[in-house]
Amino acid sequence: MSSAYQRITVTSALPYANGPKHIGHLAGAYIPADVFVRYQRLKGADILFVCGSDEHGTAIPNQALKEQTTPRAIIDKYHAQIRDCFQQFGIAFDIYHRTSEPIHHQTSQEIFLSLYNKKLLTEETSEQYYDETTNTFLADRYIVGTCPKCNHPNAYGDQCEKCGSTLSPRELINPRSTLSGKPPVLRPTKHWYLPLQNHEPWLRDWILTSHESDWKTNVYGQCKSWIDAGLQPRAMTRDLDWGIKVPLPDAEGKVLYVWFDAPIGYISATRALFDELASGKHQFATPQRSFANAKSDDWKKWWQAPDTRLIHFIGKDNIVFHCIIFPIMLHATGEYIVPDNVPANEFVNLEGDKMSTSRGWSIEMHEYLEDFPGRADELRYALLTNLPETKDSEFTWKDFQAKNNNELVAILGNFVNRAVVLTQKNFEGKVPAAGPWQPQDLAVIEQLKALPGTIAQSIEAYRFREATAGLIDLARLGNKYLADTEPWKVIKTDPDRVGTILHLALQIAANLAIVAEPFLPFTAEKLKKLLGLSALPWDEAGSTTLLQAGQVLADAPLLFQKIEDDIITRQLDKLVAKKKAAELAAQPVTPLKSEIVFDDFAKMDIRVGKVLQAERVEKSKKLLKLRVDIGLEERTILSGIAEHYDPATLVGQQVVLIANLAPRKMMGMESQGMILMAEDKDGSLRLVQPNAVVAPGSTVN
RNA sequence: CGCGGGGUGGAGCAGUUGGUAGCUCGUUGGGCUCAUAACCCAAAGGUCGUAAGUUCGAGUCUUACCCCCGCUACCA
């Protein structure tokens with residue numbers, strides 16, 4: 001952290017646009033960055049905050065297959081969703097870009113070519129598994145087979161989850177593709193590698209020597225571990241038709257590795273921002289400050305000037321890419337700067353278990369926003385006080401409720417409310433004039449002056465939990481001041497003294513408006529409106545002259561609402577239900593029955609019938625009694641579908657039935673046939689029907 | 001298996017260069033009644049994963065072991 005820095009470039013990890021993002025992502029890379037950036041903006045720093053969607057890589061086309069749509073549709077959908085969620089959580093990017101934009105393809109190819117032309121990439125041909133059904137090379141994860149060590153039949157190509165051994169796809173016995181289920185074949189393929197080991201001396205000096213004391217121990221430790229283990233060449237290209245084309249003549253069907261292009265997205269976003277600022281046409285840009293006289297070329301100084309301080313906010317899964325691979329790429333070009341710090345966070349667990357979108361054990365950003373509209377600050381606060389800064393942390397709904405009720409409502413909201421209500425009752429809602437300070441007041445003023453500095457120190461050291469605690473301490477100070485001075489008693493004997501007390505209490509509230517802004521931006525906005533304040537710089541915090549005597553206060557709104565138990569119970573139920581649904585979805589389909597010959601099939605007389613009447617069978621939970629027209633005659637058929645269909649809705653419906661099944665007595669009645677139903681994974685039943693109306697009695701062959 | 005991070009009162013966490021543990025919540029008692037039964041004060045509660053060692057003295061250093069999390073290069 002050299003003071004020679006003139007400006008700060010801040011990035012938050014580009015979210016991968018293959019699905020919704022959960023509150024663990026929010027806590028890891030976005031909220032801390034936002035707090036840092038908002039604080040720096042209040043300090044008047046020359047700072048830039050960029051992010052965007054990461055839209056390449058094999059997982060995108062695979063998700064498209066899953067959702068039966070195109071990769072383009074997937075990224076469009078999730079890009080918009082994630083961008084809107086960030087906006088509603090108040091994450092104030094100057095631009096939220098996307099890696100599918102042409103300018104990003106251009107930037108990535110430029111950097112690739114720069115490395116290539118400097119002879120810093122090597123070419124290698126190797127044999128890779130190829131799926132002939134889908135015409136794709138397979139990533140290790142998409143190959144399964146029998147583990148050579150423990151004989152587990154479903155080991156992945158990179159690792160056996162049963163015995164934990166690390167594997168390569170070639171070691172698997174009877175490998176098969178998870179895309180087609182068929183055995184893959186080996187095919188030679190050429191790729192371009194970045195020999196990381198050539199940059200080891202530089203890397204050691206840069207990280208292990210220069211950043212031994214200012215990087216977080218978890219980040220530093222992981223980097224050291226990687227470097228000590230020995231760096232190797234890493235493939236920078238892939239066989240895939242989704243991504244950025246390798247800009248070389250003999251590279252048909254090859255794209256840049258997603259981890260090559262994704263971090264470059266930060267740079268592309270910056271280029272896009274200054275292009276848009278220069279042209280005045282904003283498509284992705286959402287500038288949060290004035291970038292006066294911006295020119296297209298200005299992006300360079302944010303990425304290439306040595307007096308620019310670059311900071312990457314990420315989760316711990318991204319450490320090696322942001323501390324080793326990306327810096328090597330940038331440094332090797334000879335044109336770019338490398339990060340000053342990478343304050344990676346660990347993970348947030350949820351109710352005792354790892355958060356996982358695919359397993360349904362998560363709170364997705366959009367889900368929270370739907371269930372708690374307009375209450376972004378409440379989650380920001382709960383996550384901020386529980387950030388996984390040094391180790392994995394734990395989010396529970398009960399804790400969320402407690403943080404909201406006992407801290408935001410009871411301490412912060414309540415203090416502001418008390419100060420305002422007392423002013424309205426005793427001074428017609430106008431800020432009273434202050435008389436001479438008494439020792440009691442001076443002690444409070446001293447603490448008030450000290451707190452912003454303490455908070456600032458914490459933020460600059462990336463200790464956001466501690467910083468957030470400082471914010472609440474300021475409100476505590478206010479509550480204690482009121483409790484100690486008891487203005488509701490003094491008003492009977494010394495109204496002037498009460499004026500002084502409330503004047504100071506309201507100055508504390510005004511300070512809260514400044515100090516809260518990085519952490520709780522929406523609340524800070526409400527506070528400013530309440531107190532009639534305009535935007536104030538951070539350096540004004542600690543002052544006792546933010547409000548003028550006579551200033552009229554707005555009606556006291558409640559800054560926060562209590563959250564009752566039933567809301568929390570409902571969220572817990574929802575979580576359990578979601579997990580169950582995910583488990584069902586992941587459940588394998590019923591295995592095939594043994595083979596039959598045509599004659600076995602031909603024995604069945606399957607026909608289409610029309611339901612004429614339908615009614616419940618008395619004393620039966622499951623049975624419906626149906627009267628069905630099968631062309632030749634009318635039949636009575638009993639069917640166990642009462643839990644799935646209301647009888648009235650069945651009348652007139654076409655059904656498929658087995659007409660020559662031997663009659664059978666149920667509940668004292670004879671059923672003359674059997675209606676065919678499709679059974680879903682969760683056991684629910686749906687009618688099997690022709691997709692257009694056919695005559696009753698039509699045969700099914 | 002190897003490497004990295006972590007194991008501190010009921011819960012979540014701090015603990016700088018070694019000097020017998022702090023914070024928030026919760027609990028209990030008290031005060032107050034302006035306030036969203038909110039606020040303020042006080043107390044109880046931990047021999048700091050286990051064992052051994054260095055030291056006058058260790059949560060803090062060394063060693064061994066146990067547990068949790070992550071990484072191990074195509075899981076983003």
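In the text below, chain A, chain B and the rest are named by the order of the sequence lines, each starting its count at 1.
In this entry B/C39 has B/G31 as its Watson-Crick or G-U wobble partner, both defining distances falling under 3.5 Å. Figure legend. B/C23 is base-paired to B/G12; pairs are counted as Watson-Crick or G-U wobble with both atom distances under 3.5 Å. As the counterpart of B/U50, B/A64 is assigned, both hydrogen-bonding distances of the Watson-Crick or G-U wobble pattern falling under 3.5 Å.
Nearest nucleotide to the A/W488 side chain, out of B/C34, B/G4, B/A76: B/C34. Closest to the side chain of A/I411, out of B/C13, B/U36, B/C25, is B/C25. Comparing atom distances between the A/D392 side chain and each of B/C69, B/C39, B/C34 picks out B/C69 as nearest. Distance from the side chain of A/A402 is smallest for B/C25 among the nucleotides B/C34, B/A73, B/C25. Closest to the side chain of A/N417, from the set B/C40, B/U36, B/U72, is B/U36. Of the candidate nucleotides B/G4, B/A35, B/G70, B/G4 has the atom lying nearest to any side-chain atom of A/S225. Closest to the A/Q222 side chain, of the nucleotides B/G4, B/U72, B/A76, is B/G4. Checking B/G26, B/A73, B/A76 against every side-chain atom of A/D317, the shortest atom distance belongs to B/A76. Checking B/C74, B/C40, B/A35 against the side-chain heavy atoms of A/D484 singles out B/C40 as nearest. The side chain of A/T217 has B/G5 as its nearest neighbour among B/G5, B/A35, B/C71.
Across all strands, A/Q232 comes closer than 4.0 Å to base atoms (heavy-atom distances). Among the atoms of the strands shown, only primed sugar atoms or phosphate atoms (P, OP1, OP2) are found under 4.0 Å from some heavy atom of A/A410. Here A/K398 lies out of heavy-atom contact (under 4.0 Å) with every strand. Among the protein residues, A/K354 comes within range of the sugar-phosphate backbone only, with heavy atoms under 4.0 Å from sugar or phosphate atoms but none that close to a base. Across all strands shown, A/F560 has heavy atoms under 4.0 Å from base atoms, whether or not it also approaches the sugar-phosphate. A/H25 comes within contact range of at least one nucleobase, with a heavy-atom separation under 4.0 Å. Across all strands shown, A/L559 has heavy atoms under 4.0 Å from base atoms, whether or not it also approaches the sugar-phosphate. If you check every strand for non-hydrogen atoms under 4.0 Å, A/G230 touches a base. In this structure, A/K425 reaches the sugar-phosphate backbone alone: every heavy-atom distance under 4.0 Å involves primed, P, OP1 or OP2 atoms, never a base. As judged by a 4.0 angstrom heavy-atom cut-off over every strand, A/S393 is placed among residues touching the sugar-phosphate backbone only. Counting non-hydrogen atoms under 4.0 angstrom, A/K562 reaches a base of the nucleic acid. Nucleic acid contact class of A/L14 (heavy atoms, under 4.0 Å, all strands): none. In this structure, A/T58 reaches the sugar-phosphate backbone alone: every heavy-atom distance under 4.0 Å involves primed, P, OP1 or OP2 atoms, never a base.
Distance check on atom P: B/G9 versus B/G31 gives 33 Å, rounded to whole Å. The same atom, P, is picked in B/C3 and in B/C65; the two are 11 Å apart, to the nearest Å. Using C1' as the reference atom, B/U17 and B/G53 are 22 Å apart when rounded to the nearest Å. Straight-line distance between the P atoms of B/C23 and B/A42: roughly 10 Å, to the nearest whole Å. Taking atom C1' on both nucleotides, B/G59 is separated from B/G15 by 8 Å, rounded to a whole Å. The separation of B/G18 from B/C25, taken at their C1' atoms, amounts to 31 Å, rounded to a whole angstrom. Nucleotides B/G57 and B/C1 are separated by 39 Å at their C1' atoms, to the nearest Å. Rounded to whole Å, the C1' atom of B/A51 lies 15 Å from the corresponding atom of B/A58.
Atom NZ of A/K316 is separated from atom P of B/C3 by 18 Å (rounded to the nearest Å). One atom, CD1 of A/I325, and another, C1' of B/A76, lie 12 Å apart when rounded to the nearest Å. For the pair A/I508 CD1 and B/C34 C1', the computed distance is 15 Å after rounding to whole Å. Atom pair A/D565:CG and B/U36:P shows a separation of 20 Å (rounding to whole Å applied). Rounded to an integer number of Å, the gap from CZ of A/F137 to P of B/C74 is 16 Å. A/K21 places its NZ atom 10 Å from the P atom of B/A76, with the value rounded to the nearest Å. Summarising the geometry, the separation between CD on A/E55 and P on B/A76 is reported as 15 Å, rounded to the nearest angstrom. One can place CD1 of A/I328 at 12 Å from C1' of B/A73, the figure rounded to the nearest angstrom.
No hydrogens or angles considered: nothing links the side chains of A/D261 and A/H105 as a donor-acceptor pair under 3.5 Å. No donor-acceptor contact under 3.5 angstrom links the side chains of A/Q440 and A/D484, judged on distance only. Looking at A/K403 and A/T385, their side chains do bring a donor and an acceptor atom within 3.5 Å of each other. Of the N and O atoms on the side chains of A/H104 and A/S100, not one donor lies less than 3.5 Å from an acceptor on the other residue. Side chains of A/S53 and A/Y96: a donor on one and an acceptor on the other come within 3.5 Å.
Residues A/L477 and A/H191 each lie close to RNA chain B; by heavy-atom proximity, the contact nearer the 5' end of the strand is made by A/L477. Nearest-nucleotide assignment on RNA chain B puts the 5′-proximal partner with A/E407, out of A/Y257 and A/E407.
Classification of the A/W215-A/H211 ring pair by plane angle, with boundaries at 30° and 60°, yields parallel.
A salt bridge between A/K354 and A/D392 is absent, with no side-chain N of the basic residue lying under 4.0 Å from a carboxylate O of the acidic one. A salt bridge does not link A/D473 with A/K480: none of the charged nitrogens is closer than 4.0 Å to a carboxylate oxygen. Electrostatic pairing of A/D131 and A/R187 does not count as a salt bridge here, judged by no charged N lying under 4.0 Å from a carboxylate O.
An OP1 or OP2 oxygen of B/C25 is reached within less than 4.0 angstrom by no side-chain nitrogen or oxygen of A/R465. Under 4.0 angstrom from either OP1 or OP2 of B/G26 there lies at least one side-chain N or O belonging to A/N406. For the OP1/OP2 pair of B/C74 and a distance below 4.0 Å, the side-chain nitrogens and oxygens of A/R234 include at least one atom meeting the criterion.
When ring centroids are compared, A/H322 and A/Y266 come within the 6.0 Å threshold.
In this model, a side-chain donor or acceptor of A/Q128 finds a partner on the base of B/C74 within 3.5 Å.
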